[in-house]
Amino acid sequence: MEIIKAVRGFKDILPGETERWQFVEDTARKVFSDFGFKEIKIPVLEKTELFRRSIGETTDIVEKEMYTFEDRGGESLTLRPEATASVMRAYLEHSLHASDAVSKLFTFGPMFRRERPQKGRYRQFHQINVELLGPGDALVDAEVIYMLMLFLERVRLTGVSLEINSLGCPECRPSFRKVLGEYLAKKEKTLCEDCQRRLGTNPLRVFDCKVEGCKAAVSAAPFLIDYICERCKEHFREDQEGLKALKTAFAVNPRMVRGLDYYTKTTFEVTTKSLGAQNAVAGGGRYDRLVKDLGGPEVPGIGFAVGVERLISLLPELMEDIVRSPDLYIASLGQEARKLAFILCNRLRHLGILAETDYSNRSLKSQMKRSDKLGARYTLLLGENELKERKAFLRNMKGGSQEPVGLDDMENQLVSLLKAR
RNA sequence: GUGGGUGUAGCUCAAUGGUUAGAGUGUCGGGUUGUGGCCCCGAAGGUUGAGGGUUCGAGUCCCUUCACUCACCCCA
């Protein structure tokens, strides 16, 4: 019979990898809570309408990447392609804005997009998501970005760079689109097919194109940040001052464009050179209209998402310090000893010691090999002779030295010995 | 969605169209009574991704399909 395999683009995360996931999540919890953020848990399934309204009808995500289906009641549901929309929904549904002027929220979880799988791109992938709602001040932007960079530093990620940009606001962006559209129209012939199409739909996207002709056409193009209104300019300037004050290195990338419609003003991305085409490790920005667009009060917000698979693939390999190996392996010989090993092993676990033993009556040699393979610090040798003489041998697996331990009160002796380090 | 590359043991890879598809590594066992790592010996482990075709004969050639992978696209 043929075995059933996982759905394309969906991955198992096995022991050996999960340690890194836990490390990343634990670090995130610690850092974010130091900044006053609280964890929120939200469903993976939402009404389709939520994403259409927040992400934008004409974005690629909504147009061709969502897992949308009708449930048995005939309602259109969608596996979330990102988390911000759900957090906003929960924020409004539970009127969090009414109970506190500032909401600092983070969440972990899987997201779903039906794209062709590739390095660093899966159909189910995980994000760490942070949202800060309430204040619209530029210093908040700097603080959130600072927290992101601190988190990345704490998980020992290196070789990344931070880029920021401003997308302006609903008042000033349209006028720039017009300016850019007119500029690019003059160069239409040098643009690739895709970009010629983009002229009509979203000329800002041409900035993202990697085709040489388009790069050249765009190299002298006007920049959005030169056309944004005074208020947006001031906001962007304060944001940069904030980052400088917090000694956070960044570069302004006037060509950075983001794929979700709800962003306004500050946007940012953390990228790497070692991930191939999927170079964004984290990204986010300010969304001052989103809450209102979803039917809520006028509450500005800012947030970011970290791609966990991408982040983990960039982490240094050597992380032995986070995998736990046994403190003690109990090797037993004979029925009586085996029974005692069984009791002792579980009592030690009860006391917080990672103990292992073997129940299948294997040769001492096999048990020693297993102890070695598991990386146990000590092996306790418990056989018929030891039972008779009321003492067992405790072997240090690193040096190979052995010392006797009295059978009576052995539990306490072992605990004090093993917990000493 | 479009294009390229790759599918052989758990993993990394061999095998001119020609016997019974091999090696390393890993797993399990053994190398005189009850001691790990190094070394030696042995065993288990495969529908050669799947399905069709060409051929006296296919892991090898052809077609289809699936998966993986890289790039486009998009984004975390």
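Per chain, numbering begins at 1; letters A, B, ... match sequence-line order. Just the heavy atoms: all of them, side chains too, but no hydrogens, waters or symmetry mates, feed the values below.
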For a stem of at least 3 consecutive Watson-Crick or G-U pairs with distances under 3.5 Å, i pairing with j, i+1 with j-1 and so on, which stems involve RNA chain B? B:1-7 with B:66-72, B:10-13 with B:22-25, B:27-31 with B:39-43, B:49-53 with B:61-65
So the salt bridge (charged side-chain N to carboxylate O under 4.0 Å, His left out) pairs with at least one residue in residues 396-415 of chain A (sequence neighbours excluded) are A/R347-A/E411, A/R390-A/D408
In whole angstrom, give me the gap between the P atoms of B/rA9 and B/rA71. 26 Å
If the cut-off is 4.0 Å, is A/S363 near the phosphate of B/rG30, judged by side-chain N/O to OP1 or OP2? yes
What does the list of N/O pairs under 3.5 Å between the protein and nucleotides 34-38 of chain B look like, with a distance for each?
unit_1 : atom_1 : unit_2 : atom_2 : d
B/rG34 : O6     : A/N385 : N      : 2.8
B/rG34 : O6     : A/N385 : OD1    : 3.2
B/rG34 : O6     : A/N385 : ND2    : 2.7
B/rG34 : O6     : A/E386 : OE1    : 3.4
B/rG34 : N1     : A/E386 : OE1    : 2.8
B/rG34 : N1     : A/E386 : OE2    : 3.0
B/rG34 : N2     : A/E386 : OE2    : 2.6
B/rU35 : O2     : A/R395 : NH1    : 3.1
B/rU35 : O2     : A/Q402 : OE1    : 3.0
B/rU35 : N3     : A/Q402 : OE1    : 2.9
B/rG36 : O2'    : A/D372 : OD2    : 3.2
B/rG36 : N7     : A/R395 : NH2    : 3.0
B/rG36 : O6     : A/R395 : NH2    : 3.1
B/rG36 : N1     : A/M397 : O      : 2.6
B/rG36 : N2     : A/D372 : OD1    : 3.0
B/rG36 : N2     : A/M397 : O      : 2.5
B/rG36 : N3     : A/D372 : OD1    : 3.2
B/rG37 : O4'    : A/D372 : OD2    : 3.3

Measure from the side chain of A/E115, starting at C-beta and using heavy atoms only, and say which of B/rU69, B/rC75, B/rC74 lies closest. B/rC74
So which atom in A/P81 and which in A/I55 form the shortest heavy-atom distance, rounded to 0.1 Å? CG-CD1, 3.8 Å
So, does A/R116 get its side chain near the phosphate of B/rU69, meaning an N or O under 4.0 Å from OP1 or OP2? no
NZ/NE/NH1/NH2 to OD/OE distance under 4.0 Å, A/E65 and A/R123: no
Protein and nucleotides 42-46 of chain B: nitrogen or oxygen contacts under 3.5 angstrom:
none

Name every donor-acceptor pair, under 3.5 Å, that has one atom in a side chain of residues 125-152 of chain A and the other anywhere in the protein, sequence neighbours excluded.
unit_1 : atom_1 : unit_2 : atom_2 : d
A/H126 : ND1    : A/E309 : OE2    : 2.8
A/Q127 : OE1    : A/N129 : ND2    : 3.4
A/E131 : OE1    : A/Y287 : OH     : 2.4
A/E131 : OE2    : A/T84  : OG1    : 2.8
A/D137 : OD1    : A/L139 : N      : 2.8
A/D141 : OD1    : A/R286 : NE     : 2.9
A/D141 : OD1    : A/R286 : NH2    : 2.6
A/D141 : OD2    : A/H235 : NE2    : 2.7
A/D141 : OD2    : A/T266 : OG1    : 2.7
A/D141 : OD2    : A/R286 : NE     : 3.2

Phosphate contact (B/rC28 OP1 or OP2) by A/S366 side-chain N/O below 4.0 Å: no
Do any of residues 43-57 of chain A sit with a heavy atom less than 4.0 Å from RNA chain B, and if so which? none
Between A/R362 and B/rG29, does any side-chain N or O lie under 4.0 Å from OP1 or OP2? yes
Short question: side chain of A/T107, backbone of A/I40 - any donor-acceptor pair under 3.5 Å? yes
Per nearest nucleotide of RNA chain B, the residue lying toward the 5' end, A/Q278 or A/P117, is A/P117
Contact class for A/G334 vs. all strands (heavy atom < 4.0 Å): base, sugar-phosphate, or nothing? nothing
Do the non-hydrogen side-chain atoms of A/L162 and A/E269 ever get within less than 4.5 Å of each other? no
Minimal non-hydrogen separation, A/P117 against A/G9, with atom names: CG-CA, 4.0 Å
Gap in Å between the two C1' atoms, one belonging to B/rC75 and one to B/rG17, rounded: 47 Å
Donor-acceptor under 3.5 Å (A/R377 side chain, A/L328 main chain): no
Proximity of A/F106 and A/F32 rings by center, below 6.0 Å: yes
